[in-house]
Every structure is written in C-alpha cells, then in structure tokens.
Amino acid sequence: MVRTAMTDINAVLVEKILKLKKERNAVILVHNYQLGEVQDIADFVGDSLGLSQNATQTEADVIVFCGVHFMAETAAILCPKMTVLLPDRHAGCPMANMITAKQLRQKKKELPNATVVCYINSTAAVKAESDIGCTSANAVKVVESIDNDEILFVPDQYLGHYASTKTDKKIHLWPGYCPTHVRIQPQDIKQLKRENPRAKAIVHPECRPDVIALADEVASTGGMIRYARRDDVQEMIVGTEIGIIHRLRKENPGKKFIPVSEQAICPNMKLITLEKVLWSLEEMRPQVTVPEATRLKAKAAVDKMLAIV
Ligand code: 13P
Ligand code: SF4
C-alpha cells in the first residue's frame, strides 16, 4: 500500500512495481531499516520475527525481500516452494558473516554440553548447526525455554550478553557484533537525555551493555514500533538504525522521535532501492536459495523458535 507523497519519478516506479507485483503474484516484505520509499510499497513492514512469521503465512508465488541476505534466506528456508528475491545480492549482514559453520562445529566440540542458540542474523549453514534460533524480540524467552543450563549463543555477543542478564543460565558468547549498533555510544544517550528530559530512551539489544544500562526500554525494532504507540510516550530517543524513524514518525504524527546517532546507518540495508525492486521483479533475480539438506536442518532450528514465540 502506498501511503506517502512521492516525487514524480518514484510515483512512476511505484506504479510499475505494483503492476508487476500483481502479475507475478508477489508479496513485498520490508524490514524496518529500509529506505522510507521502500517501506511505503510494502505489503508488510516489520522486524525479523514478524517478517519470518509473515513469510510462513503468505500464499504468493514470489517474495521480494527488502532487507539483508539472512532475512531472505530465512524466507527461503521457511517457504521452499516460493521464489525469494533479494533486490541487491550484495545486501549482506556483516554480523551474520562473523561465524562460519566450520567455526561453530569446532566450538561445539569444545563445549559438548551446551545447547546452541543462534540469532537469526546468521547464515543458513550456521542455523543448520544450531539447536534453536532466536530474534531480538524473543532471545530471552528462547533461552529460558531451553531445558539446559549451559548455552552457546552465536553470533551476537551483545544480544547474548543482554539475554544473560535476564537468566541464571551460563551463556558462552561468540565475539560477533553489529558494526552499526556499536557506533551508538553512552554519551549519545546521556546528552540527548539532558536535552530532552521528557523523552524515553529505547535501545536495540544489539547495543553495547553500557548503552543498554542507560535505556528506559530495550526492544527489537517491532517492539520499538509498539512502544511508540503508548499514550505515556510522547518523546522517544531511538537507539537503533535510523531507517526506523520514517515509520515511527509516519505512524505517530505529533510525537517526537530523536535518532540517537546519525552514524547509526546500516549501509547494507540501504542498498535496496525502488529501482532495484522493479528490476528484480522484471528479471526475477537475484534469487536466494538454500541447499535442501541445509534447509531442512536450519528449518528445524527456526521452527523450534517459532513454536515458542
Ligand atoms: P530486528 O529483528 O529487531 O528488526 O533486528 C534486525 C537487525 O538486523 C537489527 O540490526
Ligand atoms: Fe546486520 Fe547490523 Fe545491519 Fe542489522 S543493522 S542487518 S545486525 S549489520
């Protein structure tokens, strides 16, 4: 659904995309960090959890995934009969590439008694080596659901650390991190709190612990969207990638949203443009696929997660 005014060029692109989308029986799934004009053509905008759930529910033939590679891969894992398009094949997540399946197999040998929880920001091959997946929205719940007190959490050390503060379980952390969220500094939050004393500070659990310690709330991007709807929240300091500001402002006119840092940009998320979405639907590429043996093992980990959300 198109919901904002656009330039003439964008209007032409959007018209073509919507026409072709219908012809291809495609659905456009868009992450909260995408460019505003890409969010505006979505059938669904959401966080990793919402997007995974949505992928399982759609009856389209084609998913155009406007996000990064692991997200499109998750859709391919969950929907093997559908064609999954990622409009720019270079849109990867550096954190997801901070652990390989080989490295994980080695670590599992060192920690034979640990249950492996993998953040959804990981490759299909890593998911296939894991016992259960999680997203930023349900990491604590997933960890708590496990019938074992020893956990190996990969690849995000900060989400894993955040989960460890909410449970008594022993969590071994893999040293991965998000290069965008580590740019958010405690002094950014402190200064904005001084300047906006009525504002609530909400941060993503990929932020460093010293940033999380200063927040009023910690949430996934979907959790931030829901938090902003509360009547007692009129001003919000937003500690995550700045693409989310578009949706927050659009859905909450009259409220004030303050990005915590103009540096918090994920360049990979910004690779997807309207032009590339159109091209991708025209050419039906780049397609994201997962080898069947890997897909089945990875699906088991993602299904286990989806069963406990
Ligand atoms: P969410 O699932 O909270 O949207 O996070 C995805 C992500 O990549 C955060 O950097
Ligand atoms: Fe990956 Fe960070 Fe970009 Fe999210 S914001 S996709 S974790 S690099």
Side-chain angles (χ1 to χ4, degrees), residues 29-35 38-39 42 44-55 65-75 86-99 117-123 126-127 133-142 153-163 174-184 202-208 211-212 215 217-228 238-248 259-272 288 302 305-306 309:
L29 303 186
V30 177
H31 187 264
N32 288 319
Y33 295 158
Q34 290 284 292
L35 294 171
V38 176
Q39 294 189 29
F44 179 78
V45 191
D47 64 6
S48 300
L49 181 60
L51 290 164
S52 312
Q53 288 167 323
N54 205 277
F65 213 112
C66 302
V68 289
H69 190 267
F70 77 81
M71 296 179 175
E73 212 176 41
T74 304
L86 178 65
D88 188 315
R89 69 188 172 88
H90 299 293
C93 167
M95 182 212 283
N97 296 327
M98 287 179 189
I99 186 167
V117 178
C118 76
Y119 189 22
I120 200 152
N121 296 37
S122 55
T123 62
V126 164
K127 288 185 178 79
C134 76
T135 74
S136 60
N138 62 16
V140 175
K141 225 171 171 180
V142 165
F153 193 99
V154 300
D156 185 10
Q157 61 181 303
Y158 295 125
L159 179 62
H161 178 269
Y162 173 68
W174 186 264
Y177 62 92
C178 164
T180 298
H181 283 86
V182 294
R183 290 196 195 127
I184 298 172
I202 182 159
V203 306
H204 197 275
E206 287 176 15
C207 290
R208 293 159 21 149
V211 171
I212 287 179
E217 193 74 30
V218 181
S220 72
T221 61
M224 291 183 185
I225 298 289
R226 288 187 290 279
Y227 187 80
V238 186
T240 194
E241 211 273 350
I242 60 173
I244 196 173
I245 299 289
H246 173 80
R247 184 170 171 199
L248 288 169
V260 81
S261 165
E262 296 293 343
Q263 310 271 310
I265 297 177
C266 175
N268 291 284
M269 284 281 179
K270 302 300 184 249
L271 287 174
I272 311 293
V288 175
V302 176
M305 168 193 92
L306 291 174
V309 281

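Note that ligands are numbered from 1 as they come in the structure, with each ligand's atoms numbered from 1 the same way. FYI, the numbering just counts along the sequence from 1.
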Check contact between His204 and ligand 1, using heavy atoms of the residue and a distance below 4.0 angstrom.
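Per 4.0 Å heavy-atom rule, His204 contacts ligand 1.
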Do any heavy atoms of His181 fall under 4.0 Å from ligand 1?
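Under 4.0 Å: yes for His181.
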Which residue and atom name correspond to the protein heavy atom nearest [atom], and how close is it?
atom: atom 3 (Fe) of ligand 2; result: Cys266 SG, 2.4 Å
atom: atom 8 (S) of ligand 2; result: Pro94 CD, 3.4 Å
atom: atom 2 (Fe) of ligand 2; result: Cys178 SG, 2.3 Å

Which is closest to atom 9 (C) of ligand 1 by heavy-atom distance: Met224, His31, Glu206?
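The option holding the nearest heavy atom is Glu206.
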Which one of Asp156, Asn121, Val182, Ile265 has a non-hydrogen atom at the shortest distance from atom 4 (Fe) of ligand 2?
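Nearest heavy atom to atom 4 (Fe) of ligand 2 lies in Asn121.
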[X] N/O to ligand 1 N/O under 3.5 Å:
X: Thr221; answer: yes
X: Asn32; answer: no
X: Ser220; answer: no

Please name the pair of heavy atoms, one in Pro259 and one in Ile242, separated by the smallest distance, quoted to 0.1 Å.
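What the structure gives for the nearest pair is CB-CG2, 3.8 Å.
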Rounded to the nearest 0.5 Å, how far does CG of Asn268 lie from NE2 of His69?
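It is 11.5 Å, given to the nearest 0.5 Å.
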Would you say [atom1] of [X] has more than 12 non-hydrogen atoms from neighbouring residues, nucleotides or ligands within 6.0 angstrom?
X: Gln263; atom1: CD; answer: no
X: Tyr177; atom1: OH; answer: no
X: Arg89; atom1: CZ; answer: no

Take every heavy atom of Glu241, measure it against each atom of ligand 2, and state whether any distance is under 4.0 Å.
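No.
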Go through the steps to decide whether Leu29 and Asn54 satisfy the test side-chain contact (heavy atoms from CB on, under 4.5 Å), and finish with yes or no.
CA-CA 8 Å; Leu29 303 186; Asn54 205 277; 3.4 Å; yes
Donor-acceptor pair, side chain of Glu217 and main chain of Ile202, under 3.5 angstrom:
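Such a contact is absent between Glu217 side chain and Ile202 backbone.
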Any sub-3.5 Å donor-acceptor pair from Thr180's side-chain atoms to Ala264's backbone N or O?
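Side chain of Thr180 to backbone of Ala264: no pair is present.
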Run the numbers for me: atoms of ligand 2, each under 4.0 Å from some heavy atom of Glu206, listed by number.
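Those atoms are 2 (Fe), 7 (S).
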Region of Asp47 engaging ligand 1 - heavy atom pairs below 4.0 Å:
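For Asp47, backbone and side-chain atoms both sit under 4.0 Å from ligand 1.
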With a 4.0 Å heavy-atom cut-off (strictly under), which part of Asn121 contacts ligand 1: side chain, backbone, both or neither?
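Asn121 to ligand 1: side-chain contact only, backbone stays beyond 4.0 Å.
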Which ligand 1 atoms are under 4.0 Å away from a heavy-atom of Tyr33?
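The atoms of ligand 1 under 4.0 Å from a heavy atom of Tyr33 are 7 (C), 9 (C), 10 (O).
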Less than 4.5 Å apart, side chain to side chain, heavy atoms only: is that true for Ile272 and Leu35?
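A side-chain contact under 4.5 Å is absent here.
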Please determine whether Cys93 has a backbone or side-chain N, O or S atom lying under 2.8 Å from atom 3 (Fe) of ligand 2.
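Of the N, O and S atoms in Cys93, none lies under 2.8 Å from atom 3 (Fe) of ligand 2, which means no.
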Do Lys270 and Glu241 sit within salt-bridge range, that is, some charged N less than 4.0 Å from a carboxylate O?
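Salt bridge present between Lys270 and Glu241.
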